[in-house]
Each structure stands twice: as structure tokens, then as C-alpha cells.
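Per chain, numbering begins at 1; letters A, B, ... match sequence-line order. Below, each value reflects all heavy atoms present in this structure, side chains not excepted, and no hydrogens, waters or symmetry copies.
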Amino acid sequence: MSQTPISPEEDDLPEQLRIRREKRANLLARDIEPYPVSVPRTKSLTMIRQTYEGLAIDVATGDIESVSGRIIFKRDTGKLCFATLREGDGTTLQAMISLDKVGEDSLASWKSDIDLGDIVSVTGEIITSKRGELSILANDWTLASKALRPLPNEHKPMSEETRVRMRYVDLILRPEARSNARLRPAVMRSLRDTYHEREYLEVETPMLQVQPGGAAARPFKTYSNAYDMDLFLRIAPELFLKRCVVGGIERVFEINRNFRNEGADSSHSPEFAMIESYEAYGDWLTVAELTRALIQNSAMDVFGSHVVRHHDGRESDLGGTWKEISLFDAISEGVGEPVTAQTSMEDLKKFAVKLGIKIDPNWIKGKLAEEIFEHVTAGKLNEPTFVMGFPTDNAPLVRAHRTIPGVVEKWDLYVDGFELATGYSELIDPVIQRERLVEQGRLGAKGDVEAMSVDEDFLRAMEFGMPPMGGMGMGVDRLLMALTGLGIRETILFPLVKPEID
RNA sequence: GGGCCUCUAGCUCAGUCGGUAGAGCAACGGACUUUUAAUCCGUGGGUCGUCGGUUCGAUCCCGACGGGGCCCA
């Protein structure tokens, strides 16, 4: 990592930082405000571009406007200077500063006080240059904000680390960074539109929880001074959304952050956006259809097609109905022998060993079966595929499959080789639910840090009667990955990075 | 958790078979009234991630630590 100081001491600064601070001081000494409260601005660069689209070469419109933007190119010549201004969405406009319009002092100041990266306001006539470039020919200009750090070389890509650490610079320089930042809210809006069309109610449930639940994951632990008690950041909203359904909010969804205290890599972030929804009187097939609609509508709303083009040019077809495979069929094919929920732990271990899977002694049978599946099949599932029917013992919140013993009505959706979403026919029998959670508690006591615990208030809610329902969950970051092919850290504006200096 | 790669100027990167370093862009000084990564002339800028070790001498070799990346479980 570079050694650019985060909190620079005034002496011993790198040359370019020192020079820019001197320029700021010099402006102040001449009673020029480097950070004014406001600057003239009558139109955005986008509005100028729209208004004067198609203007011929070397035209003077007579229209006087004030515009502002960050200087991303600067070409100073003797008596006529050019700069390219850019505003937030990437729209640019050329500014021209000429001796005969602004005078000697102003031109000299432009050359010596203004740097690449500064934000300026320019007032003048909208013209096209002799080369046909739409421009504003300055009658006057003023500094809007002095940049004390130089912009990186625009023509060489910033390293991945610099992009993530200084996303603000990434956003200034890289069009993809700007479009990625705008993609997420567009997808969020599409997801909400789909839910609203189906008369779902959006709710917000607690992120600070007394007892984390709803998923198999390690939580972040924190502490409340006011209550003098440990609290946890939620790993899933599931148990609260189900409480909503008990209360009669029969179609409910939430889009918000979950936190899992686990490894971070190109598809896992410690905090990630998750969508979860529950539909009374639905089942796992109902929510599979919903999930497909959510994803396909997102693709259509954002890209205008179910075929999405990834950043590397690869196309991914999310259209049509999607393939469904059985989890145990996939495992059987992978190991070359029939495997069912009844296959013994000993046999599963033999298969796992043969495949070179490192077995965690805390794994129960269902977990081992899923690990084998992930090893032999998951990564190969590039086209959207529902993997149907999971082992009962590793899915404590899901109801039993109506025909297949030892299996629950749970699917995982795989796209591009990773798990994008999951859906259940939810378990609604409070007695069986209690048995399942008590069993989870036993696993937890034996050292399984991901095991769920018995949430008495959740069980009490169930005991008031929970309607039959289907539920689903989907990672929003992963949806963005499926739509764009990007890594998770590119879909998140400010992913967690370790500090540069300790 | 294990393995591999990587950290050099503001940015992106070369490089030194061990004798304290270079390019492009950026910066500084000068020339230029139509530039588009402007051009031309000149100049400066570095604790070579940190701390140890080996050595007459380490940015380079070795070790530990820290940051980043990739692969594996």
C-alpha cells in the first residue's frame, strides 16, 4: 500500500500535497475564498448538453450561463486555456478561458492557482469550438473548491485496493464505478416494485437482537450500556418476519442488512443486504415463482432484457422457466452411487473422504450431505437452477417434504455457480419447531458455533397459530453479482477494508 | 485455517545476478489564442510496507509482522 499520509503533518508532506496547501494559503492571503459558500450555477452540465445537442462547428449562441464541475483535464496554452469539467453522473463540458475575455490577472490565476481536481464555476457564452466541441467561453470564473490532493492518473486503471479504499476517487474517475453505484438502487427499486405489485407489505425488523436466529451463522456480539446486556447483530430477519405473519401481515418482506461474523472473500461480505419475504397460504413452489419474477423483473427493469451482459462481455440468460434438480439426485450422480436422506453417516463420510473433503467433526449428517453436494455439483450450476429437497436435520425451520422421507421442502437457487436464494415451505407446527430448536441447542452445546438456539418468544408466537406459508431469502449483493458478473466488493459501495495505518 | 503471489514517486508500473533507483501520467519553471491523455524546452520529487537477521554494504537474500490479491479446505 502506498504511504500517502492519511493525516498529513504540515511539514514533511509529499511535494504535490505541500504545493496544493501552499496554493490554498496563497489564495487566502489574496482574499480569495478557496471554499466559498456558493458559486454561480444556472444550469447543470447535463442540461447544457441536452439544450445544445447537435450544434454546428464554431457557433456562438449568445447564451450566457454559469456552470460548475470538477476539472478532469486542463490544457493551458499562452492566451487561451482549455479545461474539461465533469459533474457527478460523468457528463462533461469544455471550458475555455481566453485572455481577451477574462483579462491578464484572471488568466494568470487560472494557470497558477487552479489544478486538476479542483471544482470551479465558469460563467460565459455557450459556443462550439473550431473543432466542434461544445464549450463555455468564460467571461468570468471562480473557484468552488480547492483540491488538496492530486487525482490519480486517469489513463491507467487504479489498483483494486485503491479503488475500494478511496471509492470517492473511483467514482470521480471510473465510469463503471458510477454505473455500479447507480445499479444497486435501480435493482432495489425493481424488487420493491415487484413486491408492491403483489401487495406485499415492507417492514423493518430489529437488527440489534437479544438472541440471533433464523440462519446457521456466527453472529457479531455487542453490548448495550442502557440495558446492561449482550446484544447481537442479526444474522437473518426470518423469525421476526414470521412473527409478522402470525400477526396477520400475510404478505411481508424486508430488504436490509444482515451481519455474519465469518470469512470474507469475493462472494462473502461480513455485512450484506438481504431480501426476505413470507407469503401466507403459499409454499416453496409459490416462492420459487416469486423469486424468479423478482430476478427477471430486475434484469428487465435495469437492462431491458432477461439476457444480461456481464462486465467482461459474457452473456447470462436469466429468462424462461428454470431447471429444477433434486439435491440427492445431484449427490448420487456426483459420487456415482445412489444417495438418499437415509444413506448412513458412515457411507457419507466414505464418499467425502474419497472426494478429498475435509470433514468437520461438528457436522451432522445433513450438513455433510450438503457439503458433498457443494463439492460435486454446486460450482457447475451456471444457468439458473433450483436445487430441491434438503436434509431435514440441517433445516430446522422448514416443514417435511410431503412425500420424500428425511427431506424438507427447501430449495436453493444457484446462478453462476453460487447460491443466490433459498426458499421453504415453512414449518408451522410449534411442537415440532420446539423439538427442532432444542436439537439445535444440543448441537450448539456440543460446539457447533452456527447452531440455532431456542427462541421462546418465537415459539410462543407460533403457538398462537401460524398460517401455512412459503418464505424465501435472497442476497441483494449476490443478485447484483448475478446481473453484472462483478465481485461482491464491487457491488458494495464501501466494503469493509482494514485500516491502512495502525 | 493452509498454500502461492504482491507492497518502489501523487497514480500506474519498470529495475537493481547485493554497491541506496527509473519510465509514463501528475507536479514545478518557461514558450504557445482552438486544445481533446495538447506540444516543445528545462527542473524537482523516494526511509523501495514495518521491524529484525546475514553482509564491509540490503530496496534486492533470509525471518517475523502488517496491508492487498489469487487458489485450496
Side-chain angles (χ1 to χ4, degrees), chain A residues 1-6 8 12-23 26 57-60 71-86 92-104 107-108 110-118 127-138 147-166 169-170 172-174 262-268 352-353 355-363 367-368 371-372 374-375 378-379 449 487-490 495-502:
Chain A
M1 191 54 212
S2 71
Q3 295 301 292
T4 314
I6 291 289
D12 202 33
L13 273 180
E15 181 189 39
Q16 298 202 34
L17 302 194
R18 179 177 48 77
I19 288 168
R20 293 210 178 196
R21 275 165 178 72
E22 286 166 4
K23 288 186 179 183
N26 188 259
I57 291 176
D58 203 11
V59 173
I71 297 176
I72 54 153
F73 293 132
K74 195 163 179 269
R75 303 173 286 278
D76 289 347
T77 67
K79 301 185 180 65
L80 177 63
C81 300
F82 301 86
T84 304
L85 307 185
R86 184 152 69 199
T92 60
L93 186 70
Q94 175 167 272
M96 297 165 64
I97 318 288
S98 75
L99 175 66
D100 56 10
K101 294 283 183 193
V102 302
E104 208 169 307
L107 187 71
W110 175 265
K111 289 187 189 177
S112 61
D113 299 328
I114 301 303
D115 292 302
L116 222 49
D118 289 355
I127 63 162
T128 48
S129 71
K130 287 179 181 169
R131 294 287 174 84
E133 181 83 28
L134 185 63
S135 307
I136 181 164
L137 178 59
L148 296 184
R149 287 176 185 265
L151 288 176
N153 182 355
E154 164 123 29
H155 314 293
K156 294 276 188 174
M158 291 161 72
S159 67
E160 192 177 333
E161 181 177 5
T162 311
R163 292 208 309 258
V164 169
R165 284 197 189 278
M166 296 195 282
V169 179
D170 192 27
I172 291 170
L173 291 181
R174 200 165 56 97
E262 296 168 349
D265 59 33
S266 60
S267 65
H268 295 82
V353 169
L355 291 162
I357 297 172
K358 210 173 84 184
I359 299 169
D360 184 323
N362 281 315
W363 286 351
K367 174 71 175 170
L368 181 55
E371 290 288 335
I372 294 172
E374 282 174 30
H375 191 269
V449 291
I488 197 165
R489 278 154 66 92
E490 293 295 320
L496 184 68
V497 278
K498 289 195 184 178
E500 291 159 77
I501 294 166
D502 45 14

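Although no hydrogens or angles enter the test, the distance criterion places no donor-acceptor pair under 3.5 Å between the side chain of A:Thr84 and the main chain of A:Ile72. A distance-only check finds a donor-acceptor pair linking the side chain of A:Lys111 to the backbone of A:Thr77 [under 3.5 Å]. Proximity of a side-chain donor or acceptor of A:Arg149 to a complementary backbone N or O of A:Gln16 within less than 3.5 Å is not detected. Not one N or O on the side chain of A:Asp76 forms a donor-acceptor pair closer than 3.5 Å with the backbone of A:Cys81. Using modelled atom types, no side-chain atom of A:Lys79 and backbone atom of A:Leu107 make a donor-acceptor pair closer than 3.5 Å. For the pair A:Lys23 (side chain) and A:Asp115 (backbone), a donor-acceptor distance under 3.5 Å is absent. Judged purely by atom type and a 3.5 angstrom limit, A:Arg86 has no side-chain atom pairing as donor or acceptor with the backbone of A:Phe73.
For B:U12, one of the phosphate oxygens OP1 or OP2 lies less than 4.0 angstrom from a side-chain nitrogen or oxygen of A:Ser159. Dashed line: the shortest gap from a side-chain N or O of A:His375 to OP1 or OP2 of B:A73 is under 4.0 Å. The side chain of A:Lys79 contributes an N or O atom lying less than 4.0 Å from OP1 or OP2 of B:U33. Between B:G69 and A:Arg489, a contact under 4.0 Å exists linking OP1 or OP2 to a side-chain N or O. The shortest distance between the side-chain N/O atoms of A:Lys156 and the OP1/OP2 oxygens of B:C25 is not below 4.0 Å. Within the structure, every side-chain polar atom (N or O) of A:Lys111 is placed at least 4.0 Å from both OP1 and OP2 of B:G30.
Note: CZ (A:Arg165) to C1' (B:C7) measures 12 Å, nearest angstrom. Remark: P of B:A37 and CG of A:Asp76 are 16 Å apart, rounded to the nearest angstrom. Whole-Å rounding puts the A:Ile172 CD1 to B:G10 P distance at 18 Å. Following rounding to the nearest Å, A:Arg75 (CZ) and B:C40 (P) show an atom-to-atom distance of 16 Å. In this structure, A:Ile72 places its CD1 atom 11 Å from C1' of B:U36, rounding to the nearest Å. Atom CE of A:Met158 is separated from atom P of B:C13 by 11 Å (rounded to the nearest Å). Rounded to whole Å, the distance from CG on A:Asn362 to P on B:A73 is 20 Å. Rounded to whole Å, atom P of B:U12 lies 11 Å from atom CG of A:Leu173.
Out of B:G68, B:A37, B:C28, the shortest distance to the side chain of A:Phe73 is found at B:A37. Distance from the side chain of A:Asp115 is smallest for B:C28 among the nucleotides B:G67, B:U36, B:C28. With B:G24, B:U34, B:U12 as the candidates, the nucleotide lying closest to the side chain of A:Asn153 is B:G24. In the set B:U34, B:A26, B:G68, B:U34 carries the atom at the smallest distance from any side-chain atom of A:Met96. Of the candidates B:A37, B:C25, B:A27, B:A27 carries the atom nearest the A:Lys23 side chain, counting heavy atoms from C-beta on. Across B:C32, B:A73, B:C28, the shortest atom-to-atom separation from the side chain of A:Lys358 is found for B:A73. If you check B:G69, B:G10, B:U36 against the side chain of A:Glu160, the one that comes closest is B:G69. When the nucleotides B:G44, B:G69, B:U33 are ranked by their closest atom to the side chain of A:Glu15, B:G44 comes out on top. Relative to the side chain of A:Pro152, the nucleotides B:C11, B:U36, B:A38 differ in distance, and B:C11 lies closest.
When both pairing distances are held under 3.5 Å, B:G10 makes a Watson-Crick or G-U pair with B:C25. With a cut-off of 3.5 Å on both Watson-Crick or G-U wobble distances, the partner of B:A64 is given as B:U50. Of all nucleotides present, none satisfies the Watson-Crick or G-U wobble test against B:A58 with each distance under 3.5 Å.
Comparing B:A27 with B:G22, their P atoms are spaced 22 Å from each other, to the whole Å. Nucleotides B:G63 and B:C4 place their P atoms 10 Å apart, quoted to the nearest Å. B:C60 and B:G24: their P atoms are spaced 26 Å apart (whole Å). Nucleotides B:G68 and B:U8, compared at atom C1', are 15 Å apart to the nearest Å. Atom P of B:G30 sits at a distance of 49 Å from the matching atom of B:G66, rounded to the whole Å.
Put simply, the side chain of A:Gln16 and the base of B:G10 share a donor and an acceptor less than 3.5 Å apart.
Each of A:Glu371 and A:Arg20 was assigned the nucleotide of RNA chain B with the nearest heavy atom; the assignment lying further toward the 5' end belongs to A:Arg20. Comparing A:Leu355 and A:Pro150, the nucleotide of RNA chain B nearest to each residue sits closer to the 5' end for A:Pro150.
A:Glu154 comes within 4.0 angstrom of nothing in the nucleic acid, heavy atoms only. A:Asp58 comes within 4.0 angstrom of no nucleic acid atom, judged by non-hydrogen atoms across all strands. Using a 4.0 Å heavy-atom criterion, one finds that A:Leu151 contacts no nucleic acid atom at all.
In this structure, the side chains of A:Thr162 and A:Pro152 stay at 4.5 Å or more apart for every pair of heavy atoms.
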